[in-house]
Q: 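Questions regarding the structure given below will be posed in turn.
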Amino acid sequence: MTSKRGVAPLRELELIVLLAAMQLGDEAYPVAIRDLIEKRAERKVSRAAVFITLERLEDKGLVSSRYGDPTPVRGGRAKRFFSVRPAGVRAVQRALDSVTALAAGLEAALGR
Amino acid sequence: MRKTIPPGPPRIAGWLLRLGFDADAADSVLGDLEEELATSWPQGRPVWPAGWYVWQAVVFLLGALRSRGRSGSSTRRRVITRGAAMDDLLHDLRYAARRTARAPGFALTVIVTLALGIGANAGIFSLVDTALLKPLPLADPARLVTVRHFYGERGQHAPISVPGFRDYGERARSFSALAAGTGWAVNFTGAGEPERLTGVRVIGDWAGAVGVQAALGRTLVPEDGTAGRERVVVMAYGFWQRRFGGDRSVVGSTMTLDGEPFTVIGVMPETFRDPFNRQAQLWAPRVFPAAFYGDDFRTTEWLQALGRLAPGATLESARVELRAIAAQLVAEYPDAYPPRWSLDAVSLSEWVRGDLRTPLVVLLGSVGMVLLIACANVANLLLVRGAGRRRELAVRAALGAGRARIGRQLVTESLLLAIAGGALGLAVGWYALRAFLSISPAGHAFAEQASLDARVVGFTMALSLITGLLFGAAPAYHAGRTDVQTTLRESGRSAEADRQAHRLRRGLVVLELALALTLLAGAGMLMRSFARLTSVDPGFEPEGILTFNVTLPLTRYGNDTARLAFFDRLLAELRATPGVDAAAVTNAAPFAGDWWTGSFGVEGFEPGDDALAPWGDNRMVTPDFRSALAAPLLRGRFFEEADRAGAPRVAVIDEVLARRYFGDRDPIGRRIDWGAPGASHAWEVVGVIGHMAHEALDADPRPQLYVPFHQHPLSSAQVVMRAAGDPERLVEPVRAVLRGIDPQQPIWGVATMTSLMHDATGGRRLSLTLLSLFAGLALLLAAVGIYGVMAQQVQQRTAELGLRMALGADRRSVLRLVLAHGLRIVAVGVVLGIIGALTLTRFLHSQLYGIRPGDPGTVAAVVLVLATIALIAMLLPALRATRVDPLVALRQET
């Protein structure tokens, strides 16, 4: 089932990655995103999964990437920063709305 | 505290990433990985950082492949996109893996069969690679030659002489460096346990000839070979590690060798081996006194010469030049050279490796045949299994899969099994190498340097792929010819397809039988050769003899009197030792690895113009020698105590010398001229004894001349003793006697005569063992093959046989019917096998003794063996055929 704009709904990992990227703002790059997910959501994700998800989100137009300055600790290689675009924010909103709508009335059962 | 820096990613990680991502993205990923590694360094460091990088790159790449396929194309630039071909391949692999997992017993059988075949090939290839294919561990080995004296008449090469080395070095232009060496054995004392070491003493430009830089310090240069500067030594890497713990301060230190101080000037690299003595641990210069360069010594041949071809020279041009130099020398010194003497150059790798080529290639060919048989069996297994899948494949074909597609699927399955077999085969190969090392004679065929290196692994992987294609081809071909419609209609079984499969299987079994017969014939011939060889009479009694070597250093035994006193005392004390029946001293005991040859003059024998002067083994022995070895006395007497220094010079000859140079004349009382050139004497023949084999039972017998040790004493000799009981029990008493006489005198090379003779046939025994093993394996596999075919035959013809029996045929005629079919297969296999045996065993001829290749007796015997085994293998299914219940058979759906 597609949303009003014809874009496929977010998959679970895409949602998580977008949320983490939004939390990190300008400092969102794969290593930091993964660290945040592992710490806050307390779940393990593989580096490849995070990176490839970010690329897929970029393909869908939900995030954009830019390359930062190279640093010595990275062997002189640049960081790739990802920032969430408005379309991405909207997709997150829609996903959260869906979840909230379906969870309405289940507070007691879910112990919240 | 200094924090170590973590390593960066290896280049291969970058390559892998760039296959799936564009360059900038790949770079950023590498940066992320490096950053993570740095953050957790050194506490959280992975065991193998480079491997971790590569693994991460692989994970990223696989993720990219998986993801791209699902979401469709992308605008990014990438090398690998998941197109249709990739889709198919991944699908085929997954399908093959699923199918294999569903039949674990079958898969295991196939994988183990392949692992044995591929592993054995990997092991033998590793040997072949080290011994024959890899370049010698010297600089530019293709430019290295060995210079030899050459006797055209006997077609034999010999080492060069000291005056020869000087002359060839002065006159030859073909070499940029020329060096020569002699064997060297010294006692290393003064640093812990005294040890006997082997080495090489060199003259000439050894550094230039060998061309290898020292790992530590320097190598020997020609200036080291001047008097007063020659007490320097270079040591081998392994020796340096073992005795000096790799201590770098060894350069410049002093070693005591045979009581003399030597300065260590260098250590050779780990991979270096002396071309003429792979076990050499030391190299030192040799300075010859002026007398050694005299014309009398021109044919005293004992230097191994190594030459490096000058730029522009070739082996052929060097040979031409050397022959011309030889002609010049013969013209200038006509009395110094025998007729037909010349010079030759042989490529070094040919010289060092030539003997090994045939046996190793034979082994490789044999083990290859075993693999072919294993492939044929696996193909048979797949064909049988294919029968069960016919329906599935027909359905797929009906759904649109082309023949090629189905064929590719089947080949992918085969490749998967083959690669699994190959990976397991590497483990098999490793064990096979270890086993080979433990049963092979020391230093044989470079075995100690063979290992599963990258080349062997590459060979194994390539072999696995070829194997997979080989045995996958038959089932794939057969599946491709299945008629879809008939198969679907006949609910999965097709008589025609069965017949086709059966024809294929028959063909494979015929091939297996032919190969097995060829291998059996080869093994059989080697076996008969070995039996003939070991039953040759050596001319003495080897049981109960113990022998060892003693070398008296010149510093403490500087003259003949001192040496003789030592040996006299040694022999007297040995004789007094309980358990010793006889003890004697000689310069060269049989099979002890040393020999002295030289020419001599025989009274009344004039060589014709073109013939060679009398020549043979020279032995200096004490009187008990004959009784210690229990050699028969044929005429006259052997030496006695009275034959000492100052007494008339006497000699004893062997029957070969007597026959060759005395003919019908009685040799007793005649004179033989022998001795160092310029100091030659006349020796009166007092006796004739039987010929004794010396370094090999199958060597051409050389004439043997004996003189009393006391009339020609030496500082280095071998002691032979006859024991009343087990000669091994004498080892400790002998050491005790030595210690009592001279505590600083080590003995070495202690061995029983039977063990020495056993070692002498070590190479042959090894080839025989391996080839027999392969032949046995081949026979077993072929038997399994023919059993399988027969069983399937019987099963297919169950209805027909049932009908026959219902119509009155008795058991015996059914048996005959079934067996006849099988015997036809065996007959064709045998005929092809005989052709194979006759053609291929020709390659064995250099290893055979006493029988010809293609010996009919052997071939007949192995045909009998093969036919018998095949008959037994056929009997079981044939008997089962006779027990078919006709009613059951007829009711069975055809």
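Naming: A, B, ... by sequence-line order, numbering from 1 per chain. From a predicted model like this one, the values you see are computed outputs, not experimental measurements.
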Q: Are there over 12 heavy-atom neighbours, none belonging to A:Arg66, within less than 6.0 Å of that residue's CZ?
A: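 Counting neighbours around CZ of A:Arg66, more than 12 heavy atoms of other residues, nucleotides or ligands fall under 6.0 Å, so yes.
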Q: Chain A heavy atoms under 4.5 Å from B:Leu62: which part of the residue, side chain, backbone, both or neither?
A: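 Neither part.
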Q: Which one of A:Arg80, A:Arg34, A:Arg74, A:Arg77 satisfies the salt bridge (Lys or Arg N to Asp or Glu O under 4.0 Å) criterion with B:Glu35?
A: A:Arg74
Q: Considering non-hydrogen atoms only, spot the tightest contact between A:Ile52 and B:Gly63 and give its length.
A: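 Distance-wise, the nearest heavy atoms are CD1-C, 3.3 Å.
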Q: Would you say OH of B:Tyr95 has more than 12 non-hydrogen atoms from neighbouring residues, nucleotides or ligands within 6.0 angstrom?
A: yes
Q: How close do B:Ser28 and A:Phe51 get, counting heavy atoms only, and between which atoms?
A: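 The pair with the smallest heavy-atom distance is OG-CE1, 3.9 Å.
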Q: Give a yes or no on whether A:Glu12 atom CD has more than 12 heavy-atom contacts from other residues, nucleotides or ligands under 6.0 Å away.
A: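 No, CD of A:Glu12 has 12 or fewer neighbouring heavy atoms, counting only those of other groups under 6.0 Å.
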Q: Would you say A:Asp97 has more than 12 foreign heavy atoms packed within less than 6.0 Å of its CG?
A: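 Enclosed: over 12 neighbouring heavy atoms sit under 6.0 Å from CG of A:Asp97.
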Q: Rounded to the nearest 0.5 Å, what's the gap from CG on B:Asp24 to OH on A:Tyr67? Could you check?
A: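 It is 4.5 Å, given to the nearest 0.5 Å.
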Q: For B:Leu93, does the CG atom have more than 12 heavy-atom neighbours from other residues, nucleotides or ligands under 6.0 Å away?
A: yes
